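Following: one structure in structure tokens, then a few remarks.
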Amino acid sequence: MTIQQPIGVFDSGVGGLSVAKKIREALPHEDILYIADSRHAPYGNKSQQFIEQRSRALIQFMLEQHAKAIVVACNTATLSAIQSLRATFHLPIIGVEPGIKPASLQTKSGVIGVMVTRRTSCATAFHELVKRFSENVRIEVQACDGLVEQVEKGDLHSAATRDLVARYVVPLRDSGADTIALGCTHYPFLLPLIQEIAGDGVNIIETGSAVARQVVRRLTDENHLAGSDHPGKDIFYTSGDVQVAENIVSYLWGQQEKILPCPI
Ligand code: DGL
């Protein structure tokens, strides 16, 4: 394996950019190949079988682009499919999951909130995760219909987005949660709004940095870190509309980017 191969990252849409940003910060010399599967966003209302098949197809495509590791930057896809993906593909596959563990270690009130998509809230692997940490803390799960769609539109600050965020965050705050875990990679883009509505006393946890550290660990262990000291390339694909993606990806990534059409 050569060392210039990209790290493949995918999500149902643009949410995984919140994870890719942390990987970019941690690994400035790596190439990152990102696929926003926006034609199929949100995954939250798709079947487990669909999510699994789609994840396989995207990983296969990234392998053809010589990816050396895959980051499933989507809680829904991780919780629905990661075991079967790891059984099929023989390269490091790193997933994301809601930060219930760090939240349960940090809470002082003993109540934590978890914001997730509806599909994640129904996933068996998610129920197991909640159960594992429910002995010592109370975990309030909030399925947040519609938030992924707002982020996909780049609508991070409108009155409609604020109302939706308030509908989900206020009950968590009122239940006594002093820590809220963001269990969907789209939600960190709404963090300022979530923090404002939750109030300063509430600690918001996202897992992007922890995932980036895990990517560094895995690539180090496998001896697959890029050897070059040139800045890494960012390569973006979308399965949705390229023009729409160019605007939203550039906005969320913080600089103008060119987007390629994903052929699958
Ligand atoms: N960013 C995805 C996640 O972390 C959103 C899933 C969806 O499209 O419903 O769960």
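Note that ligands are numbered from 1 as they come in the structure, with each ligand's atoms numbered from 1 the same way. The first residue in the sequence is number 1, and the count goes up from there. The shown structure was predicted, so the numbers you read here are calculated from the model rather than taken from an experiment.
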ask   = CD1/Ile259 to OG1/Thr238 distance, rounded to the nearest 0.5 angstrom?
value = 7.5 Å
Donor-acceptor contact present, side-chain Lys46 to main-chain His40, <3.5 Å = yes
Non-neighbouring partners of Ser12 that pass side chain to side chain donor-acceptor pair (under 3.5 Å), sequence neighbours left out = none
ask   = Considering only protein heavy atoms, which is closest to atom 3 (C) of ligand 1, and at what distance to one decimal place?
value = Asn75 N, 3.3 Å
ask   = Would one find more than 12 heavy atoms of other residues, nucleotides or ligands at under 6.0 Å from atom NZ of Lys101?
value = no
message = Would Gly13 count as a contact residue for ligand 1, given that I'm defining contact as a non-hydrogen atom of the residue lying under 4.0 Å from a ligand atom?
response = no
ask   = Is there a nitrogen or oxygen of Thr76 sitting under 3.5 Å from a nitrogen or oxygen of ligand 1?
value = yes
message = Evaluate Thr117 for polar contact with ligand 1, using N/O atom pairs at a separation under 3.5 Å.
response = no
ask   = Between Ala41 and ligand 1, which part of the residue brings a heavy atom under 4.0 Å of the ligand: side chain, backbone, both or neither?
value = neither
ask   = Are Gly15 and ligand 1 in contact, using a heavy-atom cut-off of under 4.0 Å?
value = no
Identity and distance of the protein heavy atom lying nearest atom 9 (O) of ligand 1 = Gly44 N, 2.6 Å
remark   = Here the atoms of ligand 1 under 4.0 Å from any heavy atom belonging to Asp11 are 1 (N), 2 (C)
Asp31 side chain to Pro6 backbone, donor-acceptor under 3.5 Å = no
key: Spatial distance of atom OG1 (Thr117) from atom OH (Tyr43) [nearest 0.5 Å]   = 12.0 Å
task = List the closest protein heavy-atom neighbour of atom 7 (C) of ligand 1: residue, atom name, distance to the nearest 0.1 Å.
result = Tyr43 N, 3.2 Å
task = Please indicate whether any nitrogen or oxygen in Pro42 is less than 3.5 Å from any nitrogen or oxygen in ligand 1.
result = no
Where Arg39 and Ile264 come nearest, the two heavy atoms and their spacing = NH2-O, 3.0 Å
